[in-house]
Chemist: 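There's a structure below that I have some questions on.
Only a predicted model underlies this, so the values are computations on that prediction, with no experimental measurement involved.
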Amino acid sequence: MIWEALGAVLIGFAIALSATHWLPDRFPARTLTLATGPVAALLGALLTRSILGPGHPVQVMIAACAVGAALLSVVARPPHHRLRRPTAALKGHRTA
């Protein structure tokens, strides 16, 4: 149990570190990202272990990776795009 938890925390930290390295503009709050990754992966591992029971370490690590990446995507900001011009109003269409 302790090895699965430690492995999940390390997986989550690796995911968070790679996210801040490869996409620094989407993850500007580095400390929040580095804290969210391990906690999310640990949550995924503990949830999976409680559902499957002991004896499924590979599935627990896969779930830890998936939940860690999914919850880390919640922290991500959308990419910055140029502002577009507002489109012209349609003919005959009333705007408020």
Side-chain angles (χ1 to χ4, degrees):
M1 171 70 183
I2 192 74
W3 294 111
E4 288 177 355
L6 184 62
V9 168
L10 290 175
I11 286 173
F13 187 70
I15 291 171
L17 197 62
S18 63
T20 57
H21 179 70
W22 286 331
L23 301 168
D25 57 329
R26 296 230 183 151
F27 296 98
R30 184 177 171 94
T31 55
L32 177 65
T33 304
L34 292 178
T36 303
V39 171
L42 182 62
L43 176 71
L46 293 177
L47 184 65
T48 305
R49 182 172 167 87
S50 68
I51 292 171
L52 295 179
H56 302 280
V58 175
Q59 289 86 355
V60 168
M61 290 301 131
I62 291 172
C65 186
V67 172
L71 288 180
L72 214 82
S73 70
V74 173
V75 182
R77 290 186 181 173
H80 298 286
H81 291 292
R82 293 184 310 169
L83 293 176
R84 296 183 181 177
R85 295 182 314 172
T87 58
L90 297 174
K91 274 189 175 177
H93 180 70
R94 285 181 45 185
T95 56

Chemist: Is Leu42 linked to Val60 within one hydrophobic cluster, defined over Ile, Leu, Val, Met, Phe, Trp and Tyr using a side-chain heavy-atom separation of less than 4.5 Å?
Modeler: no
Chemist: What are the two closest non-hydrogen atoms of Thr48 and Gln59, and how far apart are they?
Modeler: CG2-O, 4.0 Å
Chemist: Examine Leu23 and Ile15 and state if one hydrophobic cluster contains both, with Ile, Leu, Val, Met, Phe, Trp and Tyr joined whenever side-chain heavy atoms are less than 4.5 Å apart.
Modeler: yes
Chemist: Which atom pair, heavy atoms only, marks the closest approach of Gly53 to His56?
Modeler: O-CD2, 3.7 Å
Chemist: Looking at every non-hydrogen atom in both residues, tell me the closest pair between Ala45 and Ala64 and how far apart they are.
Modeler: CB-CB, 3.9 Å
Chemist: Taking all non-hydrogen atoms of both residues, which atom of Met61 and which atom of Glu4 are closest, and how far apart?
Modeler: CE-O, 3.0 Å
Chemist: Would you say that Leu71 contacts Leu43 through its side chain, given a criterion of any heavy-atom pair below 4.5 Å between the two side chains?
Modeler: yes
Chemist: Restricting to non-hydrogen atoms, name the atom on Ala41 and the atom on Ala8 that form the minimum distance, rounded to 0.1 Å.
Modeler: CB-O, 3.2 Å
Chemist: Sort out for me which residue in Val67, Thr33, Thr20 forms a side chain to side chain contact (heavy atoms under 4.5 Å, CB included) with Leu72.
Modeler: Thr33
